**Q** 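Here it is: the structure, laid out below.
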Amino acid sequence: MAMSEISRCSYHVFLSFRGEDTRKSFTDHLHTALMHLGIQTFRDDEEIERGNNIKDEIEKAILHHSKISIVVFSKNYAVSTWCLNELVMILEHKKSSKHIVLPVFYDVDPSQVKNQTGSYAEAFTQHEQNFKSMVQRWRNALKEVADIGGMVLQDRHESQFIQDIVKEVQNKLHPISLYVPPYLVGIDSIVTQINQWLEQDEANKVGIATICGIGGIGKTTIAKVVYNQNISRFESFSFLAQVRETSQDCNGLVRLQRQLISDLLKGKSHKIYNIDNGINKIKEIVCCRRVLLVLDDVDELEKIRKLMGTQIPFHPGSKIIITSRNRCLLNAHFISQMFDLEASTSCGGLSKLFEVKELASSESLQLFNWYAFGHNSVPESSMAYARSLVKHCGGLPLALQVLGSSLSSKSVSSWKSALEKLEEIPDSKIQEILRISYDSLEDDHDKNFFLDIVCLFIGKDRDYMTTILDGCDYYTTIGIENLVGRSLLIINEKNKLMMHQMIRDMGREIIRQESSDIGKRSRLWHKNAFDVIREKIGSRTVKCLTIDLKGLLEDKAKRTNTTLHFPKHFKSQFLMANDVDMETQAFAKMKRLKLLQLDYVRLKGDFKDFPKRLRWLRWHGFCMQSFPVDFDINELVVLDMRNSKLKQVWKDTECLPNLKILNLNHSHSLLKTPTFSGLPSLEKLMLKDCINLVEVDQSIGELKMLTFLNLKDCTSLRKLPRTIGSLISLEELILSGCSRLDDVPRELHNMESLKVLNLDETAIYQSRLGLQWLLQKRSKGLGFSWASLPGSLVKLSLGSCKLSNDVMPNALCNLASLKSLNLSRNPIHYLPESLKNLTKLDELLLTSCTELQKIPKLPVLPNVFEFLTVSPFKGYGAILPCFFSSTRCDIFGCEKLTEVEDLFKLEPIENFEAEEIRRLFNVDSINRNRLPLYSYLTDSIMLATPQVLQECGITSTFFIGSEVPSGFKHGTNEHQISFFLPTPSHPDEKIHQFSLCIVFSVASDQMLELLPSVHIFNETKMIMQRYRSSFIGIPETNDNTMLWLIHWPVTDCQFEGGDLVSCMVVPIHLSIRKFGVTYESEHNIRYEYGFSHLSTGDEVSTRNIKMDLTKHLPSLESYGNVKVQLCSYIEESKVVLYDYGIITTFDPLPFDYHGHYFGHQAGKTEVSISVPPKSSRKISCFLNSIIIFSAKNDKTYGFLPCLEIVNETKGTKWTYSKHFMGIPETKNTLYWTTCWNFRGDELEAGDHISLRVLSDLSVLEFGIDLVYDYEQDDNPNFFSQLPWMSKCFTYLLGVYVYILSKSQKNLYRLQSLVKC
């Protein structure tokens, strides 16, 4: 930090310490703890440049602007003459002012400091020889500061020691800041986000925000940190703690009003006689000053109304923060009531919701360690238990704090016992906090609804659960909304019901406390359910019972180290242990039982006394051949009998008027479906993997409510009844894997609601009779018309049906609604022209069509073949290779594909005359030896003579060789070349093409993961053209070389005489041996240049996008709390995340980050640059970073990466820690890119900034880059109008496309291996 900047700062505390001893450990933690309290603390992070006048500068900049000096004495403190001189200066300042000095004896005793013994004596022995004139002053200073008395570490944990120091500083400063724990983990991102919200239009906008989350997640702590960091920016401020609890006390609201008024008036007390009097006084105060008001733990809006009234005239710029477990607490109606008309109008745009998420596993372990051990490390003997306890806490800070503190200084056996107890009985302190959310539910309906979900439906599909609980007389929709609103339930992106583990344990503990007699509890699960059935102690109070006997025995086997193996689908007999005796009579008293799960349970006895009010019955592994006749299931809504031994479901027609879902999947003994006449309400029928099913009953046509029918892998099924055409509500029909099915009724076209039809791996191709529903007579023979298919189809799958060209369709106009077509693994040679009529088609799957040679032009897929290019450079032009988006068109494995019309075409070199070859590539001849050519689009290798590739106007070829041909007179051994275009001899002479020759060899075994790219950049006109070939030649060995010739036409206006031109190869996984460039004018004047200058790091680049943005990504606001998470099917560590205005990605392979990182450092963890001047039209600045990590060894399990950016000019700092991890394999690398959004004057021209990375991994390379966002042109394209379409977004979107493509490719490769 520069001296001129320090002198303008004001600090509460000045930290003096020996950097090499404690900079990255104790002092760093102390500094963080003080800053979180809002105590501005200076530390010499950058080793201030020390000159002759350093004493005057320090005294002026630090001592005159700080109230307290904390001197940290460590073992080697006295070695530093700088520290000793600083100590003398501090003590001299103390004598002439009220400056406070607080000595901290970290790992030395005060007597050592006072008497200069031990390591201090050794240091002074050296000083006596070199600094005789100063030694006595230093000794006197050490004696004086030791006599002051201070803080001594001794045997305390560091965390407690820091906490004591912070309290002492607070007492000495008498600050108004609130206490927060000294060690905080995982809150920097959300604190930064809230601070940014507070800063937006602060001068004239009123804002209100909710910090929400489950109990114990850290809402109050975050609110305190934000409060401490921002109170100096407001005229008045108040933090009202525990509003919910206090308001329930007698006169509690009046006491809260008194505190609020006292805080806002800086301690002046006012008598408040009643609530109305307090409301009037509060309105008088807030109307004339900007206030920061925090209302902690609010459960009802009514309490805010009673506390402050309505139509509150807040002064412009005031901000209100509420912490609550209810994420739906604030609404537009309340805001309009709370504020007066003018304020509510401005507030509506600034109301905000900040949701606190659980800590990541690595963050959880850090926090737990600090409470359990007092430092961030775990003894080896406790590591396994620590990880298990942390996992049990589920990232909940309260639980980590309580459990960590309770186990501090305990033995390993105590840890083991505590873990075993927690698995049975949750910690009472934690449960007490969490239960508040449950108790706040308004009625028994929501409470019972919550308890049923706790026992049965965590992880289940929302729609499935809704069907069941609607049948149990619940109001499911509003019930879910109420639970989600109170953070008791989460609906994830897959529509699954999820719940925090501690919330689940809290709910089960409520049930456990209903009675000490387990048979009298309302809900039973697992071991308790097993005991109740076995001992026959159930009662009328039991409403829900769930048991998975196979799971129980597996768990028991794990505990006893007994190896049991159970197949994925239970096929063989499952016999219980001889001492297990379960009878139907055990259920006789459970008259109110509605929800029952009996997986792999065998019951003896009749069912006449079995509960008759069942709504949900799940009985996997049911061992009888048919349903018992005396089993009354008339009220069932869902019947789930997967993996059963049923041969027929019931002997006679069963009347189940309420049954909506019937699941008989994997019932291998089932020969025929049941009669469906008595199932008028059935909506879903699942018969997947019923391998002996030979007949579907004719009565299926009576199921007028049926929407879903799954017959996948019913390998014995040969035909379907014609009545299936009467299923007027059916939306999805799955027949995949019915390998003997060769006849599909023509009545299929009557299904007006059918949207999805899957016929993969069926035998419809084997029989003309089977194809008659698809075929019709034509004048010249038979061919597909597909006219019989219903026009409502949206998705059609015909993979692995052995469709050939003679049965491919010629007319598809009746499928106007089709969006997805799967023709994978069929021996087709070409696709019909009729595909162009499918105007809504956005997915075409052609995986492993090994005979496919050509794909016609598909104008219906513009987003598949088009690039959107965004560039800050005026007059930007681009030539880009168009290739299929992996999510829209899959052609992996189409190894004979040589042409996609208007995309690329591959032809043998033999098809070209010698003169044409000379014109294109500037060579007289080409080596015609066969070579392997890899296609990135199809992920396949062809062995052939050289091929000429034409794509997007560029022509290229690969052939074996090692020298640049003679036509290229100038060459280089580098990957980059730069030159000035000479002034043309004729005014009409224009450059119209470039020819490039690249000699390369293999540099990495991963060369096929991402192909190299070539750039031509007109630096004078700021025009870039970029080309990435869809193919690459593969040298035989790493020592062999190959030539890549490129013919690159350009338009007349792009390159002219005097322009500075740079050509560059981005050689990902390649080694560039030689490189030559030739360009040609329309008068055939040719110039050749080798590499001459332009050092690495001076290139300017652009960002390229390819995908349907409006479909694949949600609209992302600049500071929105929106996440986009992309996980590979195979490599789960690949994640792209957008949150808090920072975009990041982890990836184990290098992508083509076209950007130039001019702050590049190899092997460094810190990079510094100065912000250069830019255009006045700049509206924001983006700082990109790229960090290349490697794993130190195979014991690297994870890391919590953290980035710090410091604007040293302005004295501001930003810290960002990720909540997810990327873990590279040993000896491999991991690329982490981030993009930071800075607005206003946060980063300006001339500012000196540094970025530091903290990680457990090794940092191989580190670079940063600045990108600017500009005001839009008068006629922007569609995407430039989007508010979130910034340059940084386009930069990382290329990474997004790459990750999606590679994920799909990996999936294809994995499937290919499985098939082998």
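Start at 1 with the first residue, then count along the sequence. For the numbers below, each heavy atom of this structure counts, side chains included, while hydrogens, waters and symmetry mates do not. All of these numbers come straight from a predicted model, not from anything done at the bench.
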**Q** Flag the pair R521 and E514 as a salt bridge only when some basic side-chain nitrogen lies within less than 4.0 angstrom of an acidic carboxylate oxygen.
**A**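 No, this pair does not count.
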
**Q** Evaluate whether atom CD of E535 has more than 12 neighbouring non-hydrogen atoms of other residues, nucleotides or ligands under 6.0 angstrom away.
**A**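 Yes, enclosed.
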
**Q** Shortest non-hydrogen contact from I547 to A529?
**A** CB-CB, 4.3 Å

**Q** Just do the salt bridge (charged side-chain N to carboxylate O under 4.0 Å, His left out) check on D742 and R718 with the steps written out, would you?
**A** CA-CA 6 Å; D742 59 5; R718 291 183 177 274; 5.1 Å; no

**Q** How long is the span from the CZ atom in R602 to the CE atom in M582, to the nearest 0.5 Å?
**A** 12.5 Å

**Q** Report yes or no: do S739 and T715 form a side-chain donor-acceptor pair below 3.5 Å?
**A**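 Absent: no donor and acceptor within the cut-off.
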
**Q** State whether the side chain of S669 and the backbone N or O of K647 hold a donor-acceptor pair below 3.5 Å, judged by distance alone.
**A**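 Absent.
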
**Q** Considering non-hydrogen atoms only, spot the tightest contact between R825 and C849 and give its length.
**A** N-SG, 3.8 Å

**Q** Begin with the C-alpha distance, continue with both residues' side-chain angles, and end with the deciding distance and a verdict on salt bridge (charged side-chain N to carboxylate O under 4.0 Å, His left out) for E747 and R722.
**A** CA-CA 6 Å; E747 286 76 11; R722 298 181 63 181; 2.5 Å; yes

**Q** Do other residues, nucleotides or ligands put more than 12 heavy atoms under 6.0 Å from K651 NZ?
**A** no

**Q** Considering all heavy atoms of both residues, which atom of G538 and which atom of M590 are nearest to each other, and what is their separation?
**A**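 That closest heavy-atom pairing would be CA-CE, 3.8 Å.
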
**Q** Within the 3.5 Å criterion, strictly below it, is a donor on H668 or N692 matched to an acceptor on the partner's side chain?
**A** no

**Q** About how many Å separate SG of C472 and CE of M465, when rounded to the nearest 0.5 Å?
**A**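 Here the rounded value is 11.0 Å.
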
**Q** Is it true that a side-chain atom of T762 and a backbone atom of L741 form a donor plus acceptor pair closer than 3.5 Å?
**A**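 Absent.
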
**Q** Under 3.5 Å, is there a donor-acceptor pair between the side chain of D630 and the main chain of F607?
**A**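 Pair found, side chain donor or acceptor close to backbone of F607.
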
**Q** Salt-bridge test for R618 and D599: reply yes if a basic N is under 4.0 Å from a carboxylate O, no otherwise.
**A**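 Yes, this pair counts.
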
**Q** Between W619 and F627, is the gap from one ring center to the other below 6.0 Å?
**A** no

**Q** Could you check whether D443 pairs with K447 (Lys NZ or Arg NE/NH1/NH2 to Asp/Glu carboxylate O, under 4.0 Å)?
**A** no

**Q** Go through the steps to decide whether L664 and L670 satisfy the test side-chain contact (heavy atoms from CB on, under 4.5 Å), and finish with yes or no.
**A** CA-CA 9 Å; L664 298 170; L670 190 66; 4.1 Å; yes

**Q** Provide the closest heavy-atom pair for K608 versus K612 in the form atom of the first, atom of the second, distance.
**A**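 Scanning both residues, the minimum pair turns out to be O-NZ, 2.6 Å.
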
**Q** For K520, is the NZ atom crowded, meaning more than 12 foreign heavy atoms sit under 6.0 Å from it?
**A** no

**Q** If you measure only the distance, is there a donor-acceptor pair under 3.5 Å linking the side chains of Y475 and D470?
**A**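 No donor-acceptor contact under 3.5 Å links the two side chains.
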
**Q** ring-ring contact (aromatic ring centres under 6.0 Å, His included), that's the test. Do W650 and F631 meet it? Break it down for me.
**A** CA-CA 10 Å; W650 38 73; F631 195 170; over 10 Å; no

**Q** Looking at every heavy atom in both Q597 and T546, which two are closest together, and how far apart are they?
**A**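 In terms of heavy atoms, the two residues are closest at OE1-OG1, 2.5 Å.
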
**Q** Could you walk me through whether C455 and R523 pass side-chain contact (heavy atoms from CB on, under 4.5 Å), step by step?
**A** CA-CA 7 Å; C455 290; R523 296 159 182 85; 3.6 Å; yes

**Q** Hey, does the side chain of T675 reach the backbone of T653 with a donor-acceptor pair shorter than 3.5 angstrom?
**A**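 No, because the side chain of T675 does not come within donor-acceptor range (under 3.5 Å) of the backbone of T653.
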
**Q** Would you confirm whether S681, through its side chain, and P657, through its main-chain N or O, come within 3.5 Å as a donor-acceptor pair?
**A**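 Yes, because the side chain of S681 sits within donor-acceptor range (under 3.5 Å) of the backbone of P657.
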
**Q** Do you know which of N710, L727, V756, L754 makes side chain to side chain contact (heavy atoms under 4.5 Å, CB included) with L733?
**A** L754

**Q** Could you state the interatomic distance from CG (L717) to CG (L735), rounded to the nearest 0.5 Å?
**A** 8.0 Å

**Q** Treating D760 as the side-chain partner and G799 as the backbone partner, does any N or O pair qualify as donor plus acceptor under 3.5 Å?
**A** yes

**Q** So, are D842 and K840 salt-bridged, with charged N and O less than 4.0 Å apart?
**A**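 The answer is no: the pair does not qualify as a salt bridge.
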
**Q** Checking the side chain of S729 only, and the main-chain atoms of M705 only, is there a donor and an acceptor separated by less than 3.5 Å?
**A**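 Checked: no pair found.
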
**Q** Is the side chain of N448 donor-acceptor paired with the backbone N or O of D444 at a distance under 3.5 Å, no angle test?
**A** yes

**Q** Taking N822 for the side chain and S824 for the main chain, is one N or O donor matched with an acceptor at less than 3.5 Å?
**A** yes

**Q** Assign the ring pair H445 / F449 to parallel, tilted or perpendicular, where the plane angle (0 to 90°) is split at 30° and 60°.
**A**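 Parallel.
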
**Q** Please assess D632 against R613 for the test salt bridge (charged side-chain N to carboxylate O under 4.0 Å, His left out), listing each intermediate value before the final yes or no.
**A** CA-CA 9 Å; D632 188 350; R613 299 175 62 185; over 6 Å; no

**Q** Which pair of heavy atoms, one from L469 and one from L595, lies closest together, and at what distance?
**A**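 Residues L469 and L595, closest heavy atoms: CD2-CD1, 4.3 Å.
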
**Q** Rounded to the nearest 0.5 Å, how far does OG of S644 lie from CE of M624?
**A**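 Here the interatomic distance stands at 12.0 Å.
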
**Q** Does this structure show an ion pair linking D689 with K712, if we count only N-O contacts that are shorter than 4.0 Å?
**A**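 Answer for the salt bridge query: no.
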
**Q** For the residue pair T847 / D890, report whether a side-chain donor-acceptor contact shorter than 3.5 Å exists.
**A** yes

**Q** Just by distance, no angles: are the side chains of N665 and N663 close enough, under 3.5 Å, to form a donor-acceptor pair?
**A** yes

**Q** Would you call D697-K672 a salt bridge at under 4.0 Å N-O?
**A** yes

**Q** Going by heavy atoms in the side chains, are L679 and L659 under 4.5 Å from each other?
**A**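 Yes - at least one pair of side-chain heavy atoms lies under 4.5 Å apart.
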
**Q** Output yes when K819 and E843 qualify as a salt bridge under the 4.0 Å nitrogen-oxygen rule, no when they do not.
**A** no

**Q** For the side chain of S716 and the backbone of I691, is there at least one donor-acceptor N/O pair under 3.5 Å apart?
**A** yes

**Q** Looking at R615 and E635, is there a salt bridge between them, counting it only when a charged N and a carboxylate O are closer than 4.0 Å?
**A**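 Yes.
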
**Q** Output, in order, the C-alpha distance, side-chain angles, deciding distance and verdict of side chain to side chain donor-acceptor pair (under 3.5 Å) for R642 and H666.
**A** CA-CA 6 Å; R642 278 174 276 183; H666 314 298; over 6 Å; no

